[in-house]
Amino acid sequence: MTQTLEAAPQTQAATDSACFARFRNVQKSYDGVELVVKDFNLDVRQGEFVTLLGPSGSGKTTCLMMMAGFETPTHGEILLKDEPINGLPPHKRGIGMVFQNYALFPHMTVAENLAFPLEVRHLSKAEIKQKVQRALSMVRLEEFGDRRPAQLSGGQQQRVALARALVFEPELVLMDEPLGALDKNLREEMQYEIKRIHAELGVTMIYVTHDQTEALTMSDRIAVFNDGVVQQLASPDTLYEQPENAFVAYFIGENNRLRGEVTELSGERCKVRLDSGETVFAKPVAVAEAGARTTLSLRPERVSLVREGSHDFENRFPAKVQEVIYLGDHLRTRLAVCGNDEFIIKTPNADGHTVLRPGETVEIGWSSADCRALDA
Amino acid sequence: MSESPTAPLKTADGVSLKTSLRRAVRRSKLKALLLVSPLLAFLLIAFLMPLFDMLWRSVDNPEVSTALPQTSQALADWDGASLPDEPVFAALAADLEAGAEARNLGLVSSRLNYEKSGMRSAIMGTARRVDTLEAPYKTALIDINDDWGELATWRVIKRESSPYTLSYYLAAVDRQYSPDGEIVAVPDYMQVYVTLFWRTFWMSAVIMVMTLVLGYPVAFLLANLPLRHSNLLMILVLLPFWTSLLVRTTTWIAILQSQGVLNDMMVALGIIADEARWQMIHNKLGTIVAMTHILLPFMILPLYSVMKTIPPSYMHAARSLGGKPFLCFRRVYFPLTIPGIAAGGILVFILSIGYYITPALVGGQSGRFITNYIAYHMQTSLNWGLAAAIASILLFVVVVCYLVFNRLIGVDKVKLG
């Protein structure tokens with residue numbers, strides 16, 4: 001498995017001095033037997049929005065909790081503005097945090113919730129009032145100061161939680177799956193809301209989610225976690241278009257997988273013999289030599305139906321239509337290709353598109369550049 | 001919409017929706033009732049009926065009106081200003097004669113003796129010689145016993161000839177009727193119950209506070225430790241809960257008595273002299289220690305059930321917002337546990353004021369509760385009316401506590417685990 005710990009090329013411009021928060025060789029074990037986080041390295045620049053993305057149990061929340069101070073790293077260092085903060089208790093770190101279930105204090109009103117971080121900092125009453133009001137208007141809840149959290153909808157509670165994490169003007173805000181409990185529409189709305197606030201305040205944010213769409217829409221950079229290891233750290237478009245290993249390709253976006261063995265390897269192109277016998281031309285990404293096992297990754301939208309006189313693809317195969325799902329703006333078709341009957345293609349619902357029917361056989365094709373040969 | 005929104009909804013066949021809903025659920029209601037009916041019947045016979053019987057006894061006053069019916073009637077028009085006239089004495093003589101024959105003057109004589117000492121001998125003595133009585137009865141009766149010549153005697157009889165009385169309740173709060181019929185405190189040396197009530201209440205309050213102080217950290221651990229450890233701890237909490245009350249109480253006697261484990265240890269360690277062993281049992285201390293131990297689970301379990309519902313993220317949030325650990329506890333965690341504190345507190349307090357066995361065994365003379373006197377009047381003095389009155393006052397206090405609690409916190413918060 002490839003461990004991609006350095007930042008992707010286009011983000012490497014950052015100099016060390018601009019680095020705001022940093023994990024350095026961090027390891028964490030709860031039981032002394034298994035490592036939940038294995039050698040985690042991350043540099044977050046001032047004002048950046050970094051997402052830790054991964055399936056549950058991959059160690060991403062543990063990393064966030066170590067940054068917040070609720071968990072101690074078993075090994076390694078966590079730095080905030082170049083100061084190691086390993087031994088610093090959470091209340092002295094000055095990091096804002098938004099929790100998955102909001103964690104609004106149910107016995108306090110919204111305004112009291114927002115005033116809490118200011119009161120513990122001994123601000124004057126007038127100042128508190130003014131800051132609370134400003135925070136409420138930032139999340140557009142000016143009228144709700146006197147309500148209890150229980151009297152608010154999920155989305156409103158989420159906005160209050162956000163305002164509370166920001167009201168004491170922390171330079172770093174951590175978010176632990178903050179939108180997990182919201183329904184789809186509200187979640188999208190809140191994604192834009194958080195992005196807007198991030199842009200407005202210029203605050204640095206570390207965001208944890210298992211929802212790849214959320215990560216792709218919001219982040220400057222995404223660290224994809226699996227099994228306690230960062231699989232790839234890159235900007236959303238790099239991550240989607242140039243996944244560096246099979247896990248990232250599988251986890252980000254939809255992806256067709258074909259397994260086989262590399263038979264020829266030459267620079268930008270390699271030849272792969274699939275387990276079902278066909279030969280495919282692909283772009284070598286994570287294959288070392290001829291003879292290695294590989295998983296080919298192919299995005300559904302990069303596969304086309306081959307029509308008479310159309311562009312000639314390097315890879316052309318007959319496919320049997322298994323199922324057609326109508327999704328309004330596009331059609332999702334499941335095909336049986338090269339022994340894989342979970343092969344998905346997406347065709348835009350454009351004027352004059354070919355109508356496919358289950359059972360019929362068509363020819364599909366893709367270019368070798370879109371077909372990435374990754375680790376097995 | 002042609003129908004106005006206020007018109008009652010109807011189903012397709014024109015029956016009102018409410019009626020047809022009632023019909024639809026009637027069957028399941030009947031079934032439910034049938035299922036609980038054995039328990040209801042049991043409760044009615046074994047609990048509710050005796051309860052109301054006891055409550056009734058605290059005001060019931062049949063003795064005078066049934067044993068001395070003619071006298072009661074004759075006294076009805078008496079103004080109480082001076083000794084009654086001849087007809088009343090004649091009625092008394094007739095009642096006593098009938099009573100002596102039927103041998104049923106015992107109850108009325110002891111009943112009147114509660115109110116005015118000497119009444120038993122007056123009634124029983126007169127009844128023995130009732131055959132010799134001749135008109136005029138007034139002088140004849142006064143000759144037999146001087147009490148018949150006292151205004152107070154007749155006032156007592158008139159007062160107690162009513163079928164209901166408050167005198168048990170007055171006795172339960174160390175009050176009585178003066179000879180003039182006014183409510184006055186009983187003499188100092190006879191005052192028992194008010195002191196006992198207060199002792200019961202303040203000692204119960206102390207026990208409640210002790211269980212809270214000891215139980216709060218345990219409940220916190222129970223709710224926050226990893227499952228493996230918290231299960232073990234839960235068993236440790238529940239084990240004494242499942243052990244016989246008598247075993248636990250007598251164990252405390254073995255530990256705390258002057259030749260007991262604790263004193264022996266302290267003597268052996270040289271902390272106290274052998275002659276100066278501490279008296280830790282058969283007094284208030286003994287009652288408080290033993291009852292705190294016995295009632296501890298009733299505090300821990302409601303606290304635990306509330307704490308379990310407080311996610312750790314509240315404290316995390318408070319800490320990340322900049323609160324020091326104790327401040328976070330005080331401002332965030334503690335207020336959220338108040339329902340548990342109130343539930344455990346009310347449970348321990350109510351159980352405590354009604355506790356009987358433990359104070360009886362380890363309380364000695366000074367650590368007894370009011371309940372021990374209820375038992376005394378039920379079993380020894382046989383003054384059931386007074387026992388019922390004391391018990392009713394206790395019941396009243398419990399109901400008031402419950403209502404206040406329900407109003408402030410909500411009784412649904414009382415959960416054992």
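The sequence lines fix the lettering, A, B, ..., with proteins before strands; numbering per chain opens at 1. Only a predicted model underlies this, so the values are computations on that prediction, with no experimental measurement involved.
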Derivation and outcome, side-chain contact (heavy atoms from CB on, under 4.5 Å), residues A/F70 and B/S320: CA-CA 9 Å; A/F70 300 121; B/S320 78; 4.0 Å; yes

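The side-chain heavy atoms of A/N101 and B/P311, taken from C-beta on, include no pair separated by under 4.5 Å. Proximity of A/V120 to B/K324: side-chain heavy atoms (C-beta onward) are nowhere separated by under 4.5 Å. Considering only heavy atoms from C-beta on, B/P335 stays 4.5 Å or farther from A/M108 through its side chain.
More than 12 heavy atoms of other shown residues, nucleotides or ligands fall within 6.0 angstrom of atom NE2 in A/H198. When the shell of 6.0 Å around CD of A/E34 is examined, it contains 12 or fewer heavy atoms from other residues, nucleotides or ligands. Counted within 6.0 Å of OH on B/Y402, heavy atoms from surrounding residues, nucleotides or ligands total 12 or fewer; the atom is thus considered open. Counting heavy atoms of neighbouring residues, nucleotides and ligands inside a 6.0 Å radius, atom NZ of B/K284 exceeds 12 of them. The number of heavy atoms from other shown groups lying within 6.0 Å of CG (A/D31) is above 12.
B/R319 places no side-chain N or O within 3.5 Å of a backbone atom of A/P89 that could act as its donor or acceptor partner. The backbone N or O of A/M97 lies less than 3.5 Å from no partner atom in the side chain of B/H316, so there is not a single donor-acceptor pair.
For A/Q100, no part lies near chain B; criterion is any non-hydrogen pair under 4.5 Å. Proximity to chain B (any heavy atom under 4.5 Å) is shown, for A/R93, by neither the backbone nor the side chain. For A/L104, the part lying near chain B is the backbone, with the side chain staying farther off; criterion is any non-hydrogen pair under 4.5 Å.
In this structure, CG in B/L321 is found 12.0 Å from CD1 in A/I95, a value given to the nearest 0.5 Å.
With respect to chain A, the highest number of heavy-atom pairs below 4.5 Å among B/G322, B/P312, B/S313 belongs to B/G322.
Between A/F105 and B/Y314, the two ring planes are perpendicular [angle over 60°; tilted spans 30° to 60°].
The heavy-atom pair separating A/F116 from B/A318 by the smallest distance is CE2-O, 3.7 Å.
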